[in-house]
Amino acid sequence: MSTTGQCPEGPQPPLFTWEFASDPYPAYAWLREHAPVHRTRLPSGVEAWLVTRYADARQALADQRLSKNPEHHDEPSHAKGKTGIPGERKAELMTHLLNIDPPDHTRLRRLVAKAFTPRRVAEFAPRVQELTDELIDGFAGKGEADLIHEFAFPLPIYAICDLLGVPREDQDDFRDWAGMMLRHFKPGHGGGPRGGVARSVKKMRGYLAELIHRKRLEPGDDLISGLIKASDHGEHLTENEAAAMAFILLFAGFETTVNLIGNGTYQLLRNPGQRERLQRSLAAGETDLLETGVEELLRHDGPVELATWRFATQPLTIGGQDIAPGDPVLVVLAAADRDPERFPEPDTLDLARRDNQHLGYGHGIHYCLGAPLARLEGQTAIATLLRRLPDLRLAAEPADLRWRGGLIMRGLRTLPVEFTPEFTPE
């Protein structure tokens with residue numbers, strides 16, 4: 001498997017095949033060089049512009065002529081409903097930060113920021129560490145594990161449930177619903193059991209409505225109670241808005257962290273020199289290399305391959321290409337973050353890279369609100385794995401691993417590993 005990203009000669013490599021999903025970087029390098037703003041038909045049949053160069057991507061992410069509201073999509077009938085989360089409209093979950101523009105976006109983000117504060121995330125660090133250790137305890141004595149299903153997937157689910165205030169006895173239901181979404185949701189792709197995702201969304205919506213009602217009567221020190229409290233101080237956050245925000249924090253938050261942990265651990269196992277350097281740093285009690293290292297993992301093979309949908313509201317030009325009103329625009333973060341015009345030796349993993357203003361969590365007013373939590377979970381998970389299982393190694397050939405076929409997210413289906421079993425005294 002190549003991850004050089006070097007621009008291949010000849011015709012354009014195919015996009016959105018299973019081979020492309022395994023290693024999209026050579027195709028993105030070709031696009032950056034030959035067609036940096038490229039119109040293509042997605043597997044779902046929707047036509048969209050792909051933006052692949054860093055400078056163009058950064059411009060597009062901050063351009064308010066590109067709306068997040070799907071109502072601006074000048075879509076033909078065959079494309080109806082293929083650019084969002086299945087079932088979110090029917091479940092009245094559309095009013096979240098990924099679907100709206102200013103001034104509504106400004107109001108909602110300000111309200112959510114009152115509840116989802118850096119202090120709340122920082123105070124949550126001990127619980128993230130506790131969850132991390134509990135999950136590793138579950139497989140450390142076996143000498144083998146699938147790090148996706150046994151570790152990277154459950155950690156952010158249980159963490160966001162705790163943060164939202166979902167009682168422990170209900171958290172396995174959330175895990176089941178999230179698992180359905182992870183298995184079957186392929187945004188931008190045709191086919192697939194989208195109905196299963198919509199059913200999970202409907203169940204989650206019903207549960208959140210009930211939970212919000214309970215938190216209004218008996219508030220706690222949790223994020224949903226914080227959202228309700230913020231709405232009760234002059235500015236208005238409706239119950240639908242509170243439910244939509246809780247839903248998108250779970251939906252958008254958990255898979256990005258699954259992929260950050262999975263992709264990041266995989267790249268460390270593929271780059272033993274960098275991994276050993278990080279282990280030495282951790283053993284010395286240092287945190288600098290862990291912090292820059294997680295940023296480099298986000299840049300090098302990040303969890304979000306393409307930014308979520310944008311739609312032109314008026315004629316505009318990106319990278320010399322004219323975009324018509326109503327056209328969908330997809331910013332390819334994975335391509336932009338390996339642009340040699342911005343990052344020296346972009347295909348090399350360098351955990352100590354300092355000048356690293358990657359776009360892994362976006363840019364502009366839609367910069368990911370949950371980035372501090374994802375960073376906390378990613379740093380805690382990777383550091384604890386390397387400390388507790390120091391000889392962690394792949395238990396499969398890289399060419400045999402399978403990546404989930406999708407459009408927005410990039411992540412492994414499984415990550416089988418082996419290690420010396422951790423001795424636990426009786």
Side-chain angles (χ1 to χ4, degrees), residues 11-21 24-89 94 98-101 184-194 197-198 304-336 339 359 362 366 403-410:
Q12 177 190 325
L15 302 176
F16 312 123
T17 63
W18 287 109
E19 292 78 13
F20 169 85
Y25 297 105
Y28 288 150
W30 191 97
L31 288 177
R32 274 197 314 265
E33 180 69 22
H34 299 287
V37 181
H38 175 64
R39 188 175 177 91
T40 190
R41 183 179 294 275
L42 304 174
S44 64
V46 176
E47 290 194 359
W49 294 96
L50 302 180
V51 179
T52 55
R53 287 181 179 167
Y54 183 91
D56 296 336
R58 191 174 167 94
Q59 172 203 330
L61 290 172
D63 194 327
Q64 294 196 30
R65 295 172 296 177
L66 291 173
S67 170
K68 299 291 292 174
N69 188 339
E71 296 300 324
H72 289 291
H73 186 188
D74 183 21
E75 53 187 350
S77 59
H78 75 266
K80 293 288 185 185
K82 292 184 178 179
T83 62
I85 300 169
E88 65 175 349
R89 186 183 301 276
M94 291 289 289
L98 295 185
N99 280 343
I100 57 175
D101 304 314
H184 296 313
F185 180 43
K186 300 179 181 180
H189 277 235
R194 288 170 63 91
V197 181
V304 184
E305 190 165 341
L306 286 78
T308 49
W309 296 85
R310 284 165 168 76
F311 309 95
T313 59
Q314 56 185 279
L316 71 150
T317 301
I318 304 174
Q321 180 65 60
D322 293 333
I323 309 292
D327 280 0
V329 174
L330 290 166
V331 177
V332 188
L333 305 179
D339 187 342
L359 301 176
H366 291 285
W403 297 75
R404 284 192 299 276
L407 189 69
I408 303 298
M409 300 292 185
R410 171 166 171 77

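The analysis underlying the following values was restricted to heavy atoms, covering all of them including side chains, and did not include hydrogens, waters or symmetry mates. This chain uses plain numbering: 1 for the first residue, then up along the sequence. All of these numbers come straight from a predicted model, not from anything done at the bench.
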So [Y] and [X], do their side chains get closer than 4.5 Å, heavy atoms only?
{"X": "L407", "Y": "F16", "answer": "yes"}
{"X": "V37", "Y": "V329", "answer": "no"}
{"X": "L61", "Y": "L359", "answer": "yes"}
{"X": "Q321", "Y": "I323", "answer": "yes"}
{"X": "E19", "Y": "P14", "answer": "no"}
{"X": "N69", "Y": "W309", "answer": "no"}
{"X": "D56", "Y": "V331", "answer": "no"}
{"X": "R310", "Y": "H366", "answer": "yes"}

For A35, all residues meeting side-chain contact (heavy atoms from CB on, under 4.5 Å), sequence neighbours excluded: W30, L31, H38
From Q59 CD over to T317 OG1, what is the distance, rounded to the nearest 0.5 angstrom? 9.0 Å
State which residues pass side chain to side chain donor-acceptor pair (under 3.5 Å) with R39; sequence neighbours excluded, sorted by chain then number. E47, D327
With a 6.0 Å cut-off (strictly less than), is the heavy-atom count around CD of Q64, excluding the residue itself, greater than 12? no
Would you check if the side chain of [X] reaches a backbone N or O of [Y] as a donor-acceptor pair within less than 3.5 Å?
{"X": "T313", "Y": "S67", "value": "no"}
{"X": "D339", "Y": "Y54", "value": "yes"}
{"X": "R32", "Y": "A335", "value": "yes"}

Ignoring hydrogens, what is the shortest heavy-atom contact between [X] and [Y]? Give both atom names and the distance.
{"X": "P328", "Y": "V46", "value": "CG-CG1, 4.3 Å"}
{"X": "A57", "Y": "V51", "value": "N-CG1, 3.7 Å"}
{"X": "M409", "Y": "E305", "value": "O-OE1, 4.0 Å"}
{"X": "A27", "Y": "L15", "value": "CB-CD2, 4.0 Å"}
{"X": "R404", "Y": "W18", "value": "C-CZ3, 4.4 Å"}
{"X": "L330", "Y": "T308", "value": "CD2-C, 4.4 Å"}

Does the ring centre of Y28 sit less than 6.0 Å away from the ring centre of F20? yes
